[in-house]
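Just so it is clear, the model here is predicted, and its values are computed rather than measured.
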Amino acid sequence: QVQLVESGGGLVQAGGSLRLSCAVSGSIFFSITSMAWYRQAPGKQRELVATITYDGKTNYDESVKDRFTIARDNTKKTVYLQMNSLKPEDTAVYYCKAKNQYWGKGTLVTVSS
């Protein structure tokens with residue numbers, strides 16, 4: 001069984017920063033697993049925010065490029081999402097996904113204007 005637990009969400013003012021973490025446990029070879037962050041804003045569909053391959057290649061949605069950074073620590077089986085210059089439209093529940101298969105329960109990010 002594979003578990004993903006997100007943390008680090010909260011309330012922040014526009015222009016501020018947050019760092020999300022996703023800790024992975026269970027029967028998964030984390031070091032060779034691609035990871036991703038998604039988000040779902042109220043009333044909208046879940047959308048892909050950023051991905052990172054097992055060897056560190058990253059990709060970002062245009063809306064967060066140059067503001068968000070995805071990173072991983074294979075020794076801690078954790079993936080991070082550093083979010084800078086936050087905007088009210090970044091308000092959403094942020095989800096971690098592993099191996100294009102396993103989901104966490106999400107962490108809420110609220111950006112006030």
Give a yes or no on this: more than 12 heavy atoms of other residues, nucleotides or ligands lie within 6.0 Å of atom OH of Y54.
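Result for OH/Y54: open.
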- Task: Determine whether more than 12 heavy atoms belonging to other residues, nucleotides or ligands lie under 6.0 Å from atom CD of Q101.
- Result: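 Above 12, so yes.
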If you measure from OG1 on T51 to CG on N59, what distance do you get to the nearest 0.5 Å?
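Going from OG1 on T51 over to CG on N59, the span is 4.5 Å.
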- In Å, rounded to the nearest 0.5 Å, how long is the span from OH of Y95 to CG of L4?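 So the OH of Y95 and the CG of L4 are separated by 13.0 Å.
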Which donor-acceptor pairs under 3.5 Å do side chains of residues 17-39 form with protein atoms, sequence neighbours excluded?
from: S17; atom 1: OG; to: N84; atom 2: OD1; distance (Å): 2.9
from: T33; atom 1: OG1; to: F29; atom 2: O; distance (Å): 2.8
from: W37; atom 1: NE1; to: Y80; atom 2: O; distance (Å): 3.4
from: R39; atom 1: NE; to: E47; atom 2: OE2; distance (Å): 2.7
from: R39; atom 1: NH1; to: D90; atom 2: OD1; distance (Å): 2.9
from: R39; atom 1: NH1; to: Y94; atom 2: OH; distance (Å): 3.0
from: R39; atom 1: NH2; to: E47; atom 2: OE2; distance (Å): 3.3
from: R39; atom 1: NH2; to: S63; atom 2: OG; distance (Å): 3.3

My understanding is that only residues two or more places apart in sequence, or in another chain, count here; which of them pass ring pair (Phe, Tyr, Trp, His ring centres under 6.0 Å) with Y102?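 Y102: no ring pair (Phe, Tyr, Trp, His ring centres under 6.0 Å) contacts found.
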Any donor-acceptor pair under 3.5 Å linking the side chain of [X] with the backbone of [Y]?
| X | Y | value |
| --- | --- | --- |
| E6 | C96 | yes |
| T78 | K76 | yes |
| T107 | G9 | yes |

Exercise for the section: Could you list all the salt bridge (charged side-chain N to carboxylate O under 4.0 Å, His left out) pairs where at least one residue sits in residues 93-110, not counting sequence neighbours? Expected result: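 Residue pairs passing salt bridge (charged side-chain N to carboxylate O under 4.0 Å, His left out), neighbours aside: none found.
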How close do K44 and Q40 get, heavy atom to heavy atom, and via which atoms?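 For K44 and Q40, the tightest heavy-atom pair comes out as O-NE2, 3.1 Å.
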Among the clusters formed by ILVMFWY side chains lying less than 4.5 Å apart, do V49 and V12 turn up in the same one?
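Yes, same cluster.
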query = Same cluster or not: are L48 and L81 linked, directly or through other Ile, Leu, Val, Met, Phe, Trp or Tyr residues, by side-chain heavy atoms under 4.5 angstrom apart?
reply =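 No, because L48 and L81 fall into different hydrophobic clusters, even though each may have its own neighbours under 4.5 Å.
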Is the closest side-chain heavy-atom distance between [X] and [Y] below 4.5 Å?
| X | Y | answer |
| --- | --- | --- |
| L86 | F68 | yes |
| K77 | R72 | no |
| I52 | V79 | yes |

Inter- and intrachain pairs under disulfide bond (SG atoms under 2.5 Å apart), touching residues 31-82, at least two apart: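 Matches after skipping sequence neighbours: none remain.
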query = K65: what forms a salt bridge (Lys or Arg N to Asp or Glu O under 4.0 Å) with it, not counting sequence neighbours?
reply =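 K65 satisfies salt bridge (Lys or Arg N to Asp or Glu O under 4.0 Å) with E62 once adjacent residues are dropped.
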**Request:** Not counting sequence neighbours, which residues clear salt bridge (Lys or Arg N to Asp or Glu O under 4.0 Å) with D55? List them please.
**Result:**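 With neighbours one apart ignored, the set is K57.
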